[in-house]
Asks: 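What follows is a structure written as structure tokens; I'll ask about it next.
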Amino acid sequence: MTTFSNQSLMRNKYYNWIIKNLFSSWVNSLMTVVAIIFIYEVGTFFLNWAFFAADFRTNFQGELITDRSFCSKNIMPGEYGACWAIIYARWDQFMYGFYPIEEVWRVNFVYALLPLAIIGILFDKLPFRKYFIYFTFIYPFLAYFMLYGGPGLSVVGTNKWGGLLVTLFLGVTGIGLAFPLSIILALGRRSKMPIVKSLCVVFIEFIRGVPLITLLFTANVMLPLFLPDGVNPDNLLRALVAVTLFQSAYMAEAIRGGLQAIPRGQIEAAQSLGLNYWQTTRKIILPQALKIAIPPIVNTCIGLFKDTSLVLIIGLFDLLGIGRAALADMTWTKLYYEVYVFISLVFFIFCFGMSRYSLYLEKKLKTDNS
Amino acid sequence: MEQVIQLEKVNKWYDDFHVLKDIDLSVQRGQKIVVCGPSGSGKSTMIRCINRLEAHQKGHIVVHNTELTNDLKNIDMIRKNVGMVFQQFNLFPHLSVIDNISLAPIWVKKMPKKEAEDIAMSYLEKVKIPEQAQKFPGQLSGGQQQRVAIARSLAMNPDIMLFDEPTSALDPEMIKEVLDVMIQLAEEGMTMLVVTHEMGFAKTVADQMIFMDEGKIVEQATPDEFFNNPKSDRTKLFLSQILNH
């Protein structure tokens, strides 16, 4: 008896919610109906295209797809959806670029350790966090050694790197290097020392006033001019310099916003206790300012991660570059949708992850203390 | 008596605005001085000059035989010995109460963490809120926050304490708990310079009263004389307003 009344109560609750939120007026009802039809149409079309009517490794006749002419949609036009075989065929390139196939385990090794290297920074209540943080500092050197090679490992030049490897290398390293640089820039911009201050202002405003593409071209063409003869940094390093400078200017502005939100009384209290500038900055100002600046910082990180795909214009093959190379291949050409949807999905996974982490952090810091 | 603070013809301007005009003041060890006056009279600015949160432009300020100049080493040394309590408490919101108090001993005095926390606890007991040690400032009432701020200042073991309107931001029922701590501190012989409008407190603890108006010290006298027989008309007017409201 009680279960029944509970159930009817529950049903009543959902019913009320639906009436109240979806059909409260005729405009609302109309919008609800249109939206449902739209979602249904687009959703079924996409699911059908991407899964139910799609080829994965074989076509509708069960043949292994080795070039585009085997795709079901090319045999029976209009009846079949995506032909994902291109992703399978080019999988190694998407993940590793032109990295020698017998050395690919090194890249996998670096990929596998990446979560371990960042988990310590992301979660402050992690058990044994101290050791994870140690690893965070070792990781870049380990990763560089594994990827590039050195004693005991054959050298794989960065011109062989590509795909997700280049995207992650530029994104993660760019953000990692830009973060400390941006803190220094943001502090410098608020410095009382006129030379330091104007240097930082000029740097930030110059970099922010120039498109990333221009910076990439500049780094690619002009960096060698500033360096002594014989020192010829490779393309990837040039792109990394441009990306890092670009990101640091934007991040510095985000952090400056946080710094400005700290009441003057905080600095005065720290000073009156005898803390010097660096102690005040490190213990009082930055922890509060960075917390406030989390959403805009993550925003710039997401922006940068996507902007790394611009490096294809200076001849580097990031994820997007590899995709375009695959499409240029006569055996696979014209499978645009498959390639771009796949690339979008990969970018989306990383950016959505960053976005969710930022929300989690905001929530956590809000409840942690007032 | 040993002189611990001396101000000599101190002048300060904010751009064109002349905030402090020829301020002379001498404070002996153990003295308690209460500064009052209308808002904008320069009383906060004066005590903020004593630990160099504000810089004066003319005249001399000597604390513990050290003159305050742009020399950062002197400023740091003086700040270690001069504690300050603010109207808005200015606790560090991202640190727990005990971390707020032990921060300066650990970083400025290079004290081991354990020792600094023991000291922090002993001062929390002194201000009667040891049970709040693990909370964050935002979880405390205004009166509790101000007592933590006093404990934080005392943990550096200063021999002079500056109070800048310590009860002005508090609800009336919390004023007493803060004043009680300050009275106890006065009884223990701390040298205190207090900007406040709490005349009851002034009568209880002050050795000297100072009345400021328009950047000048208008009147300086013992509390007895100040309240019963003020010399200047400006002081009389101020007292009649503040005591009869």
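So that the names make sense, note that chain A is the first sequence line, chain B the second, and so on, each numbered from 1.
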Asks: Ile75(B), Leu91(B), Asn51(B): which one forms the most heavy-atom pairs within less than 4.5 Å of chain A?
Replies: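 With the most close heavy-atom pairs to chain A, the winner is Leu91(B).
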
Asks: Between Glu117(B) and Lys114(B), is there a salt bridge with N-O shorter than 4.0 Å?
Replies: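 No.
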
Asks: Is there a ring-ring contact (aromatic ring centres under 6.0 Å, His included) between Phe246(A) and Tyr250(A) once you walk through the steps?
Replies: CA-CA 7 Å; Phe246(A) 186 76; Tyr250(A) 276 88; 4.9 Å; yes

Asks: Which answer fits Phe92(B), side chain, backbone, both or neither, if we ask what part of it has an atom under 4.5 Å from a heavy atom of chain A?
Replies: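 It is both, since atoms from each part get that close.
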
Asks: Given heavy-atom pairs under 4.5 angstrom as the criterion, report whether the side chain, backbone, both or neither of Arg52(B) touches chain A.
Replies: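 Neither part.
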
Asks: Heavy-atom distances under 4.5 Å only: say whether Glu268(A) touches chain B with side chain, backbone, both or neither.
Replies: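 Interface part for Glu268(A): both.
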
Asks: Report the option among Leu103(B), Val82(B), Ile78(B), Leu72(B) that has the most heavy-atom pairs separated by less than 4.5 Å from atoms of chain A.
Replies: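 Top count of heavy-atom pairs under 4.5 Å with chain A: Leu103(B).
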
Asks: Is a side-chain donor-acceptor pair under 3.5 Å present for Glu362(A) with Tyr357(A)?
Replies: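 No, no side-chain donor-acceptor pair sits under 3.5 Å.
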
Asks: Kindly give the heavy-atom pair with the smallest separation between Ser358(A) and Pro295(A), and that separation in Å.
Replies: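 Closest pair (atom of Ser358(A), atom of Pro295(A), distance): OG-CA, 4.3 Å.
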
Asks: Is Arg208(A) positioned over the aromatic face of Phe203(A), cation under 6.0 angstrom from the ring centre and no more than 45 degrees off axis?
Replies: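 No.
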
